[in-house]
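Note that the structure is predicted; figures quoted are calculated from it, not measured. The basis for the numbers below is simple: all heavy atoms, side chains too, and nothing from hydrogens, waters or symmetry mates.
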Amino acid sequence: MLKFEELKIFLDEKADQYNNPDFIENDPIQIPHRFILKQDIEIAGFLAATISWGNRKAIIKSAEKMLDIMGNSPYDFVMNHSEKDLREIKDKSVHRTFNGEDFTYFIKQFGRIYSENESLEDLFKLNHSEINFSHAIERFRVQFLGTEKHRTHKHVSSPYKNSSTKRIIMFLRWMVRKDKHGVDFGIWENTDQKHLSIPLDVHTGNVSRKLGLISRTQNDWKTVEELDLVIRKFDENDPAKYDFALFGLGVTKELL
């Protein structure tokens, strides 16, 4: 087991190694990188993050399918689509359990949200006393999904139900983190990246346990918070940069 300083040096090196433009090519983050307009980046990013489970190539292919349906202009489409457009989408397959009905629901919700807000950042604002996004994610869920029960609600996880909310946490990293490497966008300038967490999945969870960063065996919200406590000691201003280290180590199986 590495000592604290040794572990910090190791993870800093790995974060630098994987946090570079080459990372974009094989990751779903390439989808929002195709756009310049802030709202296009947000919509494309949220959709790509929402379907980010399973094989990364398949995720990218499915996200490209959604972009094609929207004429590769996500913001324009969600604001100006017709009912006929939605009917044509409803029976399409998209990505595994995320189907055309889910996609049309998201489009409608995006249209409503953007008619009232300039950016999705407005829905993720942290209150003064909050140190992570658990409450902000729940507030977002209420505003984005509404109160009416719908099958699509399962695609937007809840920390209140102890979900790690990996896909939303990843989306938040994309939007909030800003550095010189150009992988993450950093377009949400009113949100402090010090409150970000690590998107917890099989890769980051397993590597974190091998390195002794966490002790819990489940990949849930309690474990996200356990990892927060440790990872923020390494860099209190930019803890989420270590996602690159943990994910990269997991994908390459370097620690096996």
Side-chain angles (χ1 to χ4, degrees), residues 23-82 85-124 133 137 140-141 143-146 150-158 163-177 183-188 199 201:
F23 181 88
I24 297 170
E25 183 180 350
N26 299 309
D27 192 81
I29 200 173
Q30 69 160 264
I31 297 298
H33 266 289
R34 301 178 188 189
F35 300 97
I36 297 173
L37 184 70
K38 183 177 186 178
Q39 291 84 357
D40 281 337
I41 293 169
E42 290 179 344
I43 295 167
F46 193 81
L47 289 171
T50 296
I51 62 167
S52 285
W53 77 94
N55 179 276
R56 286 199 287 172
K57 286 184 178 178
I59 294 164
I60 292 166
K61 188 174 181 180
S62 297
E64 287 175 334
K65 185 190 300 184
M66 288 193 281
L67 292 184
D68 287 340
I69 290 170
M70 294 187 289
N72 290 293
S73 298
Y75 182 58
D76 180 65
F77 189 86
V78 302
M79 299 307 291
N80 298 300
H81 64 270
S82 65
D85 291 329
L86 297 186
R87 285 196 299 272
E88 290 175 354
I89 296 170
K90 200 163 188 179
D91 294 325
K92 291 181 182 290
S93 63
V94 180
H95 182 77
R96 298 172 76 166
T97 61
F98 188 88
N99 62 21
E101 184 179 350
D102 300 317
F103 189 19
T104 57
Y105 187 85
F106 268 45
I107 290 166
K108 289 178 181 177
Q109 302 308 90
F110 277 130
R112 178 178 56 80
I113 292 298
Y114 280 110
S115 67
E116 301 168 357
N117 302 273
E118 181 187 343
S119 167
L120 291 184
E121 182 178 16
D122 298 336
L123 278 66
F124 282 100
F133 281 89
I137 290 171
F140 164 79
R141 290 185 82 254
Q143 293 179 76
F144 184 73
L145 296 173
H150 193 276
R151 58 159 276 126
T152 307
H153 288 210
K154 68 182 180 182
H155 291 296
V156 185
S157 301
S158 167
S163 168
S164 70
T165 65
K166 170 244 176 178
R167 290 169 282 173
I168 298 179
I169 293 292
M170 183 174 69
F171 169 72
L172 290 170
R173 195 205 85 204
W174 293 355
M175 297 298 109
V176 175
R177 272 199 81 248
V183 179
D184 294 322
F185 291 90
I187 55 176
W188 287 5
D201 61 8

Checklist entry - Atom CG of D184 and atom CD1 of I29: how far apart are they, to the nearest 0.5 Å? => result 4.5 Å
Next on the checklist: Does anything in residues 98-119 form a salt bridge (charged side-chain N to carboxylate O under 4.0 Å, His left out)? List the pairs, not counting sequence neighbours.
Outcome noted: D102-R151
Item to check | For T104, all residues meeting side chain to side chain donor-acceptor pair (under 3.5 Å), sequence neighbours excluded | outcome: none
Next on the checklist: Among residues at least two apart in sequence or on other chains, which ones pass ring pair (Phe, Tyr, Trp, His ring centres under 6.0 Å) with F103?
Outcome noted: none
Next on the checklist: Under the rule for side-chain contact (heavy atoms from CB on, under 4.5 Å), what residues qualify as partners of S119, not counting sequence neighbours?
Outcome noted: K38, E42, E121, W188
Item to check | Contacts of type salt bridge (Lys or Arg N to Asp or Glu O under 4.0 Å), residue R34, not counting sequence neighbours | outcome: E64
Checklist entry - Can you tell me how far CD1 of I51 sits from CD1 of I31, rounded to the nearest 0.5 angstrom? => result 7.5 Å
Checklist outcome for this item: Hits for ring pair (Phe, Tyr, Trp, His ring centres under 6.0 Å) against F98, two or more places apart or cross-chain, chain-then-number order -> F106, H155
Checklist outcome for this item: Across all chains, not counting sequence neighbours, the side chain to side chain donor-acceptor pair (under 3.5 Å) partners of D85 are S82
Checklist entry - Listed by chain and number, what are the salt bridge (Lys or Arg N to Asp or Glu O under 4.0 Å) partners of R56, not counting sequence neighbours? => result D27
Next on the checklist: Going by the rule ring pair (Phe, Tyr, Trp, His ring centres under 6.0 Å), which residues pair with F133 if we only count those two or more places apart in sequence or in a different chain?
Outcome noted: none
Checklist entry - How would you list, by chain and number, every residue that makes a salt bridge (Lys or Arg N to Asp or Glu O under 4.0 Å) with R167, sequence neighbours excluded? => result none
Item to check | Any residue meeting side chain to side chain donor-acceptor pair (under 3.5 Å) with H81, in chain and number order, not counting sequence neighbours | outcome: none
Checklist entry - What pairs with Y75 under ring pair (Phe, Tyr, Trp, His ring centres under 6.0 Å), at least two apart in sequence or on another chain? => result Y114
